[in-house]
Amino acid sequence: MQDHSPADRLWSPATDNKLGYCLYRSMAQPDLDSAGIDKILEKARHRNRTRGLTGCLHYENGMFFQWLEGPWQQVFQLLDILRDDDRHLNMTILDQGTLTERLFEGWEMHFSDPKAASLFDWLADWGNRTDDHQAYVSRVNAFLHSLKAG
Ligand SMILES: Cc1cc2nc3c(=O)[nH]c(=O)nc-3n(C[C@H](O)[C@H](O)[C@H](O)COP(=O)(O)O)c2cc1C
């Protein structure tokens with residue numbers, strides 16, 4: 001991983017076809033149930049296959065954490081679509097940058113929730129250091145990437 005940028009705004013690397021990633025957090029729309037999440041995933045996986053995107057979506061305590069990776073232009077375009085999706089709110093970009101290789105190769109959109117692993121437990125074990133944004137982001141990334149290993 002390289003070229004980390006501040007997470008406060010979207011950016012584009014010099015070539016849009018470069019492999020990029022974005023990690024964001026959002027709040028699920030309160031009425032969204034597991035059938036609604038299944039519906040999101042079904043379509044997301046289909047579309048990601050055609051767009052060359054891979055990644056991971058974790059849902060816990062009414063919040064989504066999603067790692068998206070692929071050709072930067074595709075990641076960027078999907079983020080615009082996601083911003084308009086009212087099944088979630090308050091999208092916050094936590095991290096973004098370029099990659100030399102995919103971290104979720106072959107995963108059109110892995111899904112996890114606390115039945116598989118708890119991000120909040122993972123953060124609590126670490127002491128919930130909300131004062132250190134970069135450390136928080138690294139911890140969230142480490143959690144998502146541990147799902148791939150497991
Ligand atoms: C939390 C969340 C994650 C999503 N992830 C993806 C995704 O990885 N890929 C995708 O194509 N759409 C994803 N979507 C759905 C998009 O917002 C959008 O509904 C869909 O891409 C539009 O498809 P359509 O234009 O064919 O209707 C997600 C939606 C939510 C709420």
Side-chain angles (χ1 to χ4, degrees), residues 1-13 15-124 130 133 136-150:
M1 217 176 297
Q2 58 193 20
D3 296 351
H4 281 272
S5 74
D8 57 344
R9 66 184 182 84
L10 285 174
W11 62 282
S12 180
T15 59
D16 283 344
N17 285 329
K18 230 174 167 171
L19 204 55
Y21 74 92
C22 181
L23 171 73
Y24 77 84
R25 181 184 61 202
S26 63
M27 282 169 53
Q29 203 268 334
D31 294 337
L32 193 70
D33 58 13
S34 60
I37 295 175
D38 285 349
K39 214 167 154 189
I40 290 173
L41 284 169
E42 195 187 339
K43 189 153 214 173
R45 287 175 177 146
H46 174 73
R47 293 194 60 125
N48 289 351
R49 205 170 304 137
T50 63
R51 290 173 167 146
L53 293 170
T54 47
C56 174
L57 178 68
H58 181 76
Y59 172 75
E60 185 167 351
N61 285 4
M63 297 183 82
F64 287 117
F65 294 81
Q66 189 171 28
W67 172 278
L68 288 163
E69 63 186 18
W72 177 255
Q73 200 174 29
Q74 294 293 340
V75 174
F76 188 83
Q77 280 170 6
L78 178 57
L79 287 171
D80 267 352
I81 293 170
L82 285 165
R83 280 186 196 288
D84 286 342
D85 194 322
D86 57 12
R87 291 171 290 185
H88 65 169
L89 325 155
N90 296 349
M91 247 180 92
T92 304
I93 306 289
L94 296 176
D95 196 12
Q96 57 190 326
T98 55
L99 293 169
T100 47
E101 60 183 37
R102 288 175 193 262
L103 301 180
F104 288 91
E105 182 73 53
W107 292 27
E108 272 124 19
M109 192 45 61
H110 180 66
F111 177 71
S112 94
D113 63 13
K115 282 181 239 154
S118 167
L119 170 62
F120 287 77
D121 286 352
W122 174 279
L123 291 171
T130 48
H133 177 77
Y136 168 78
V137 169
S138 299
R139 194 74 185 157
V140 173
N141 274 337
F143 171 80
L144 294 179
H145 301 146
S146 76
L147 299 172
K148 174 75 170 147

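Remember, it's 1-based here, ligands and their atoms both numbered in the order they're listed. Nothing fancy with the numbering, it's 1 onward along the sequence.
The protein heavy-atom contact nearest to atom 26 (O) of ligand 1 is R47 NH1, 2.3 Å. Scanning the protein for heavy atoms near atom 11 (O) of ligand 1, the closest one is R51 NH1, 2.9 Å. Closest to atom 3 (C) of ligand 1 among all protein heavy atoms lies Q66 OE1, 3.4 Å. In this structure, the protein non-hydrogen atom closest to atom 7 (C) of ligand 1 is A44 CB, 3.3 Å. From the protein, the heavy atom lying nearest to atom 31 (C) of ligand 1 is I40 CD1, 3.6 Å. What sits closest to atom 27 (O) of ligand 1 on the protein, heavy atoms only, is K43 NZ, 3.1 Å. In this structure, the protein non-hydrogen atom closest to atom 9 (N) of ligand 1 is N48 OD1, 2.8 Å. Scanning all protein heavy atoms for the shortest distance to atom 14 (N) of ligand 1 gives L82 CD2, 3.6 Å.
The NE2 atom of H88 sits 11.5 Å away from atom CE of M27, with the distance rounded to the nearest 0.5 Å.
Within the structure, ligand 1 lacks Q29 among the residues with a heavy atom less than 4.0 angstrom away. The closest approach between any non-hydrogen atom of D84 and ligand 1 is not below 4.0 Å.
Closest of all the heavy-atom pairs between G70 and L53 is CA-CD2, 3.9 Å. For the residue pair Y24 and L79, the shortest heavy atom distance occurs at CD2-CD2, 4.2 Å. The two residues L99 and R102 come nearest to each other via the heavy atoms CD1-CA, 4.5 Å.
Counting only heavy atoms from C-beta outward, the side chains of M109 and L41 approach each other to under 4.5 Å. R25 has its side chain within reach of M63: a pair of non-hydrogen atoms, C-beta onward, lies under 4.5 Å apart.
Remark: ligand 1 and S26 share no N or O pair separated by less than 3.5 Å (distance only, no angle test). For ligand 1, none of its N or O atoms has an N or O atom of H88 under 3.5 Å away.
Residue-level proximity to ligand 1 for Y24 is carried by the side chain, the only part with a heavy atom below 4.0 angstrom. Heavy atoms of L78 found under 4.0 angstrom from ligand 1 belong exclusively to the side chain. Under 4.0 angstrom from ligand 1, there are no non-hydrogen atoms of L53.
Exactly one of D95, N141, T98, T54 qualifies for a side-chain hydrogen bond (donor to acceptor under 3.5 Å, both in side chains) with Y21. That residue is D95. Under the side chain to side chain contact (heavy atoms under 4.5 Å, CB included) rule, L78 has a single partner from Q66, R51, R83, which is R51.
Ligand 1 places these atoms under 4.0 Å from at least one heavy atom of I81: 16 (C), 17 (O), 18 (C), 21 (O). Atoms of ligand 1 lying under 4.0 Å from at least one heavy atom of M109, given by number and element, are 8 (O).
Residue E42 qualifies as open at atom CD: its count of foreign heavy atoms under 6.0 Å is 12 or below.
Between the side chain of W122 and the backbone N or O of R139 there is at least one donor-acceptor pair closer than 3.5 Å.
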query = ring pair (Phe, Tyr, Trp, His ring centres under 6.0 Å) between H145 and W67: does it pass, once the steps are laid out?
reply = CA-CA 9 Å; H145 301 146; W67 172 278; 4.6 Å; yes
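Heavy-atom proximity to atom 16 (C) of ligand 1, evaluated over L89, L68, D85, is greatest for D85.
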